[in-house]
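Written below as structure tokens is the structure these notes are about.
In what follows, chains carry the letters A, B, and so on, assigned in the order in which the sequence lines appear, proteins first and then strands, with residues in each chain numbered from 1.
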Amino acid sequence: MSLEKAESKTVQEMTLQELASFCTRLGFFYPSGRIYGGLSGFYDYGPLGAELRREILNDWWWYFVERRDDIWGIHGSIITHPRTWVASGHVDSFIDFIVTCKKCGAEYRADHLLEDSGISVPELTLETLSKLIKDHGVRCPKCKGELGDPTPFNLMFTTYVGPKKTVASLAYLRPETAQLIFTNFRNIIMTMGVKLPFGIAQYGKAFRNEISPRGFLFRLREFEQMEIEYFVNPKKLDECPFYNEIKGMEINLLSAEMQEKRIKEGVWITIEDAVDKGLIGCKWHAYWIAESLRWLKNIGIDYKRLRVREHIKTELAHYAVQTFDVEFLFPQAGWKEIEGISNRSDYDLRKHQEYSGAEMHIYDDGEKVIPYVIEPSFGLERVILAVLFSSLNEIKGRRVLSLHPKIAPIKVGVFPLVSKPGFVEKAKEVYEMLKEEFKTIYEAKDSIGRRYARADERGVPICVTIDGQTLNDNTVTIRFRDTREQIRVPIEDLKEKIRAIFREWSTYGA
RNA sequence: GCGCCGGUAGUCUAGCCUGGUAGGAUGGCGGCCUCCCGAGCCGCUGAUCCCGGGUUCGAAUCCCGGCCGGCGCACCA
């Protein structure tokens, strides 16, 4: 049985601000500390948001860890050994020096300003930068005013380990989860008996003390990452056993070369073509791009609104050989990153080997190898934004959040058609039965239409209604959110029927 | 962080210019009604008018500072 596709039209799309209001009203997200005026860059998950978060994290973990035999998961600590970030380069590159124009107040990164004036910067220290600015008589590019002294500017959150706050006890909240994977690399090799190629995955909070958080959930100071570091022998970057599965997949690609030619729009191209034309450096990198896109699509993100954009040289991070951002087409803001997929080479493992003295190699074909790593790195909150924008529809004049059942915060609504004796008891019975297995809500107040409307807006995929006929023959109706169609099912078959519906959701239209 | 603009119940908003009892809609709770898609009626509830200070007999309204948000710049390793 298949139901017809939903009769949905393109909504006048919500702005990010309107989405923020919507999320607060329905209980997805609240600005953190709002009763005290709010804290910029922090949001709390409300009841629906907390469920949505769990479902997405669980599905990610299932997709990339549980069902695979080549990836193991870890859960690293948030407060991390400070040497980690010296080795990774974050202490250097996260601490910028800012200079302010004494005349017009404009601010610049000291090293950028010097380099733009053609002066090379040998080291990023206060003394050096200060001296270079004075010696070369560098002035404000805008108003030619005199510049003040450089001041340090750190994007990492710091704390102190132990009750005494000393320089020696200074520690950082991790600005990315990735480094915890690298610092645990030896542990996993030793305990899990892994062989190349293999991956280590982790999700968890990361913290960045951003200068100006903005755009609702888009740039947060506390956010959640879902990351995989997939280790490959650098000589075998094209030996990907899964390549045939994904090579025919079409992606919307905007290469660095295209961007240098001022081309703004990506082209639809198969993975195989992209690899053959040298646009994607190696097959393993191509595989992880494809696999990431497949997951994003599976959780309900509109594939037409996803594109893969290569980083151009100037935006490439210090560790990266090649990086692609998976971008989502947001209303107003346009294409914005929701995931980065980077070839980080052996940079991180080598650095940690150098700074810690620990050996970071693994044997492959009897040879000592420091593997290369391909890193798919998702920002959970950004993925959620893309999911929400992909799911918000206007169907028959009403706002409907067409979330895929596997991530919907509430799976089933159970309603007595009218709130009368007989109906109510029967509905509660059905509710008690279903909530054993599905996140279910029961509502009896207001008209049935109003309850359906409320459920639609909250993304509840199906509603079970107890009507007059139920009392005679013990059947109920299942009403589908996106089509409003109803089918009648005996209560004894209800659980199995709902399982089947969720399993084959695409057949039922969404 | 700089510049410009803004902030009134959970949400949307009137009032601000021209100082004088904070009003509506929607939501939430309770009830009546109701056999399938935000129907109607009744009652209740809900606002530190962002916070602090100043001017004034009197401030949501005018002034100053802060917080929060939007846009632009910068930043986004």
Side-chain angles (χ1 to χ4, degrees), chain A residues 15-18 20-27 30-42 46 85 88-96 98-101 104-109 111-113 124 140-142 151 153-156 175-176 178-179 206 208-216 218-221 223 311 315-320 323 325 332-333 336-337 340 342 379 395-400 415-420 422-423 444-457 463 465-472 476-477 479-481 483-486 488:
Chain A
T15 63
L16 210 53
Q17 270 170 284
E18 284 163 343
S21 292
F22 176 83
C23 285
T24 299
R25 184 164 58 81
L26 277 97
Y30 311 119
S32 193
R34 191 150 72 135
I35 60 169
Y36 295 110
L39 192 56
S40 183
F42 299 90
W85 309 106
S88 70
H90 285 78
V91 168
D92 281 345
S93 55
F94 253 55
I95 299 175
D96 297 329
I98 303 290
V99 283
T100 309
C101 170
C104 73
E107 297 199 334
Y108 308 93
R109 258 182 70 171
D111 54 330
H112 284 186
L113 189 60
L124 285 171
C140 175
K142 277 185 190 159
T151 46
F153 199 89
N154 192 340
L155 261 43
M156 277 196 287
E176 64 173 26
Q179 295 304 324
R208 294 178 194 181
N209 215 344
E210 297 285 355
I211 300 167
S212 58
R214 219 171 261 190
F216 186 32
F218 206 82
R219 199 185 303 163
L220 297 169
R221 290 189 164 123
F223 59 102
H311 276 203
E315 61 181 325
L316 212 52
H318 58 277
Y319 51 72
T323 298
D325 282 347
Q332 295 174 319
K336 291 277 200 179
E337 179 195 1
S342 202
I395 300 175
K396 297 177 183 165
R398 273 195 330 222
R399 184 168 288 156
V400 177
F415 310 142
L417 184 58
V418 288
S419 149
K420 276 184 181 168
F423 291 79
K445 62 178 181 194
D446 295 325
S447 70
I448 191 69
R450 192 178 286 267
R451 280 175 278 163
Y452 286 150
R454 211 161 27 220
D456 289 348
E457 203 174 33
C463 293
T465 304
I466 283 71
D467 57 18
Q469 194 181 331
T470 310
L471 305 181
N472 297 326
V476 293
T477 61
R479 179 254 190 201
F480 294 86
R481 175 192 62 202
T483 60
R484 292 196 198 175
E485 288 188 63
Q486 286 177 288
R488 188 161 280 277

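Residue-level contact check: A/G27 touches neither bases nor backbone, having no heavy atom under 4.0 Å from any strand. Across all strands shown, A/E457 has heavy atoms under 4.0 Å from base atoms, whether or not it also approaches the sugar-phosphate. Across all strands shown, A/G37 has heavy atoms under 4.0 Å from sugar-phosphate atoms exclusively, and none from any base. A/Y30 comes within 4.0 angstrom of nothing in the nucleic acid, heavy atoms only. Using a 4.0 Å heavy-atom distance criterion, A/R34 is classed as a sugar-phosphate-only contact. As judged by a 4.0 angstrom heavy-atom cut-off over every strand, A/F423 is placed among the base-contacting residues. Contact annotation for A/R454: backbone-only contact, meaning every heavy-atom pair under 4.0 Å involves sugar-phosphate atoms and none involves a base. Contacts of A/S40 with the nucleic acid, taken as non-hydrogen atoms under 4.0 Å apart, involve only primed sugar atoms and P, OP1 or OP2. At a threshold of 4.0 angstrom between heavy atoms, the contacts of A/L16 with the nucleic acid are absent. Among the atoms of the strands shown, none is found under 4.0 Å from any heavy atom of A/Q469.
A close approach under 4.0 Å does occur between a side-chain nitrogen or oxygen of A/R450 and OP1 or OP2 of B/rG27. Taking 4.0 angstrom as the limit, A/S21 places a side-chain polar atom (N or O) nearer than this to OP1 or OP2 of B/rC12.
Shown here are the salt bridge (Lys or Arg N to Asp or Glu O under 4.0 Å) partners of A/R488, two or more places apart in sequence or in another chain: A/D467.
In this structure, CZ of A/R484 is placed 11 Å from C1' of B/rC36, rounded to the nearest angstrom.
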